[in-house]
K.L.:
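Before anything else, here's the structure in question.
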Amino acid sequence: GYYGDFGGQFVPELLMPPLLELEEAMRTIVPSEPFKKELNALLADYVGRPSPLYRCPNLSKELGFDLWLKREDLNHTGAHKINNTMGQGLLTKYMGKTALLAETGAGQHGVATATAAAMLGLDCIVYMGAEDVVRQAHNVKRMKLLGAEVVPIESGTKTLKDAINAALRYWIAEQGTTHYCFGTAAGPHPFPLLVREFQAVISLEARAQCLDKMGRLPDYVVACVGGGSNAIGMFHHFVPDETVKLIGVEAGGTGEPGCYHSAPISLGTPGVLHGMRTMLLQTSEGQIEPSHSVSAGLDYPGVGPEHAHYGASGRVRYDIAVDDQALAAFEALCRREGIIPALESCHAVAWVLNHAAEIPKGSQVVVCLSGRGDKDLGIIEAHEAKL
Ligand SMILES: Cc1ncc(COP(=O)(O)O)c(/C=N/[C@H](C(=O)O)[C@@H](O)C(C)C)c1O
């Protein structure tokens with residue numbers, strides 16, 4: 001499970017049995033006709049796929065090039081996370097397990113896991129940093145309505161990093177009945193591969209939609225990068241098309257010199273965290289540094305290993321958008337296009353607005369709108385003065 005120098009399975013021996021079992025299930029169940037048939041029916045009739053590829057008429061007119069949004073915000077539960085949790089949830093049933101375990105930061109993955117569990121008749125337990133429980137209260141309410149048990153994590157920085165550590169410990173104890181439904185394209189092998197497998201439906205659809213609506217491939221494909229799942233899904237089927245520029249946008253925090261941020265590819269160094277070798281925010285002694293972003297979903301000091309590899313190889317250009325630029329993009333989509341987007345997705349839109357001068361007129365630009373902004377209204381209120 002390596003992507004260049006990155007990836008691997010850096011886990012305690014006790015975690016190897018469920019990881020090996022998962023690799024076997026990936027090999028035998030995921031490619032099978034019954035599994036594919038059942039998953040595709042759920043993606044169509046329950047998730048609501050294919051998601052639209054929508055051209056923004058007003059912003060396109062202003063920018064002088066075509067801005068298209070891949071509308072993962074219109075999926076059931078309001079983000080791309082459901083693509084992954086329906087796949088892993090169905091796999092859990094085929095593996096004969098009875099419970100789904102998840103970590104969450106923005107809460108979207110927690111809601112998507114609770115949704116899959118309710119629909120598939122599985123128990124659900126979600127670990128969430130105590131700070132995120134407050135910051136994304138809307139999603140905590142939804143998880144509980146869907147029957148999930150939400151466990152606030154009080155240790156460390158009380159955000160996603162600590163929730164993942166707690167979830168991994170729980171999984172070691174409960175591995176016989178429980179599948180750890182990892183929320184992003186990170187973690188020990190095979191998780192980056194498994195999550196990419198289920199998120200790649202985004203670019204499988206988008207590539208065909210581009211050829212149909214534009215009559216050609218797009219010039220730019222842009223996505224925000226937290227753990228990396230919506231971005232790897234948005235990029236995957238475009239990677240072989242060398243004319244398509246792939247842009248991964250990390251969160252730069254406030255942007256003040258020396259501020260906390262969540263940009264490990266742009267500003268981090270190689271190291272091992274959560275079972276994978278990747279790019280990390282860490283001190284010279286390898287202590288993981290606190291991360292920050294106005295969006296909970298990008299607030300993670302690591303990144304999926306395939307992105308670390310694409311950053312080293314140069315196939316993807318990784319750049320940064322800071323909090324205020326994301327908030328400006330939030331306002332632009334609300335006021336100009338009638339779409340209230342997730343703050344995570346706003347980082348990708350912000351990159352396009354920030355780089356409009358370098359994008360040739362008439363270009364075709366696709367942005368993955370990974371989620372809707374309902375969960376963020378509390379955060380937005382706190383920044384009202386800036387809008
Ligand atoms: C609407 C939305 N857009 C983007 C992201 C960033 O996660 P990736 O797509 O995996 O980089 C997120 C991440 N959300 C996770 C969550 O809901 O728990 C996140 O906090 C962690 C799983 C990484 C998100 O909710």
Side-chain angles (χ1 to χ4, degrees), residues 48-75 78-81 83 185 196 199-226 228-250 297-298 306-307 310 315-319 321 325-326 329-330 332-333 336-339 341-373:
R49 302 207 70 88
S51 66
L53 180 67
Y54 173 71
R55 179 180 172 280
C56 296
N58 305 316
L59 285 172
S60 299
K61 199 150 146 239
E62 271 175 42
L63 291 165
F65 50 78
D66 286 341
L67 173 61
W68 300 76
L69 302 177
K70 182 61 176 157
R71 299 293 306 275
E72 296 303 297
D73 61 310
L74 294 181
N75 297 335
H80 68 292
K81 297 290 176 182
N83 303 327
R196 185 188 79 191
Q199 290 295 358
V201 65
I202 298 173
S203 50
L204 185 68
E205 290 176 359
R207 193 173 187 281
Q209 289 166 317
C210 286
L211 294 177
D212 175 44
K213 292 167 179 272
M214 302 168 189
R216 65 180 178 85
L217 290 171
D219 302 295
Y220 294 82
V221 172
V222 190
C224 65
V225 182
S229 68
N230 89 90
I232 206 71
M234 185 80 253
F235 294 165
H236 185 60
H237 287 285
F238 287 110
V239 167
D241 302 311
E242 283 161 20
T243 60
V244 179
K245 294 179 188 65
L246 303 176
I247 313 283
V249 187
E250 296 187 293
L298 300 183
E306 192 163 20
H307 286 295
Y310 282 148
R315 176 63 187 98
V316 177
R317 170 182 167 184
Y318 292 90
D319 219 330
Q325 293 167 338
F330 178 90
L333 276 187
R336 310 289 295 116
E337 301 292 347
I339 296 172
L343 281 172
E344 292 83 6
S345 327
C346 291
H347 286 73
V349 175
W351 185 89
V352 175
L353 302 182
N354 297 344
H355 293 81
E358 79 174 67
I359 297 174
K361 297 295 172 223
S363 294
Q364 301 292 330
V365 179
V366 175
V367 171
C368 185
L369 202 73
S370 54
R372 52 186 297 149

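Counting from 1, the numbers follow the sequence of the chain as shown.
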K.L.:
Could you walk me through whether E358 and R317 pass salt bridge (Lys or Arg N to Asp or Glu O under 4.0 Å), step by step?
P.N.:
CA-CA 14 Å; E358 79 174 67; R317 170 182 167 184; 2.9 Å; yes

K.L.:
Rounded to the nearest 0.5 Å, what's the gap from OH on Y318 to NE2 on H307? Could you check?
P.N.:
5.0 Å

K.L.:
What closest approach, in Å, do S370 and S345 show between heavy atoms, and which atom pair accounts for it?
P.N.:
OG-OG, 2.7 Å

K.L.:
Decide yes or no on side chain to side chain contact (heavy atoms under 4.5 Å, CB included) for L53 and E205, but give the supporting numbers first.
P.N.:
CA-CA 9 Å; L53 180 67; E205 290 176 359; over 6 Å; no

K.L.:
Show the numbers, then the answer: is there a side chain to side chain contact (heavy atoms under 4.5 Å, CB included) between N354 and D319?
P.N.:
CA-CA 11 Å; N354 297 344; D319 219 330; over 6 Å; no

K.L.:
Between E72, Q209, H80, which is the residue that forms a side-chain hydrogen bond (donor to acceptor under 3.5 Å, both in side chains) with S51?
P.N.:
E72

K.L.:
Can you list, pair by pair, the side-chain donor-acceptor contacts under 3.5 Å of residues 54-67, counting residues two or more places apart and other chains?
P.N.:
{"from": "R55", "atom 1": "NE", "to": "D66", "atom 2": "OD1", "distance (Å)": "3.0"}
{"from": "R55", "atom 1": "NH2", "to": "D66", "atom 2": "OD1", "distance (Å)": "3.2"}
{"from": "N58", "atom 1": "ND2", "to": "R336", "atom 2": "O", "distance (Å)": "2.6"}
{"from": "S60", "atom 1": "OG", "to": "C56", "atom 2": "O", "distance (Å)": "2.4"}
{"from": "S60", "atom 1": "OG", "to": "L67", "atom 2": "N", "distance (Å)": "3.0"}
{"from": "E62", "atom 1": "OE2", "to": "R336", "atom 2": "NE", "distance (Å)": "2.6"}
{"from": "E62", "atom 1": "OE2", "to": "R336", "atom 2": "NH2", "distance (Å)": "2.4"}
{"from": "D66", "atom 1": "OD2", "to": "Q364", "atom 2": "NE2", "distance (Å)": "2.9"}

K.L.:
Do V316 and I247 touch side chain to side chain, with heavy atoms closer than 4.5 Å?
P.N.:
no

K.L.:
In residues 232-246, what donor-acceptor pairs under 3.5 Å come from side-chain atoms, sequence neighbours left out?
P.N.:
{"from": "D241", "atom 1": "OD1", "to": "R207", "atom 2": "NH2", "distance (Å)": "3.0"}
{"from": "D241", "atom 1": "OD2", "to": "R207", "atom 2": "NE", "distance (Å)": "2.7"}
{"from": "D241", "atom 1": "OD2", "to": "R207", "atom 2": "NH2", "distance (Å)": "3.4"}

K.L.:
Hey, mind stepping through L369 and V349 against side chain to side chain contact (heavy atoms under 4.5 Å, CB included) and telling me if it holds?
P.N.:
CA-CA 8 Å; L369 202 73; V349 175; 4.3 Å; yes

K.L.:
Of the non-hydrogen atoms in C346 and A329, which two are nearest, and what is the gap between them?
P.N.:
O-CB, 3.5 Å

K.L.:
Once you measure the plane-to-plane angle for H355 and W351, does it fall in the parallel (<30°), tilted (30-60°) or perpendicular (>60°) bin?
P.N.:
parallel

K.L.:
Give the minimum heavy-atom separation between H347 and V249, together with the two atoms involved.
P.N.:
O-CG1, 3.3 Å

K.L.:
Grab the two heavy atoms, one from D73 and one from G371, that are nearest each other, plus how far apart they are.
P.N.:
CB-C, 3.3 Å

K.L.:
Side chains of K70 and V221: closer than 4.5 Å at any heavy-atom pair?
P.N.:
no

K.L.:
Which atoms form the tightest heavy-atom contact between P218 and V366, and what is the distance?
P.N.:
CB-CG2, 3.9 Å

K.L.:
V225 and G228: which non-hydrogen atoms are nearest, and at how many Å?
P.N.:
CG1-CA, 4.1 Å

K.L.:
If only side-chain N and O atoms count, and only distance matters, is there a donor-acceptor pair under 3.5 Å linking N230 with E344?
P.N.:
no

K.L.:
Tell me whether the count of non-hydrogen atoms from other residues, nucleotides or ligands lying under 6.0 Å of CZ in R372 goes above 12.
P.N.:
no

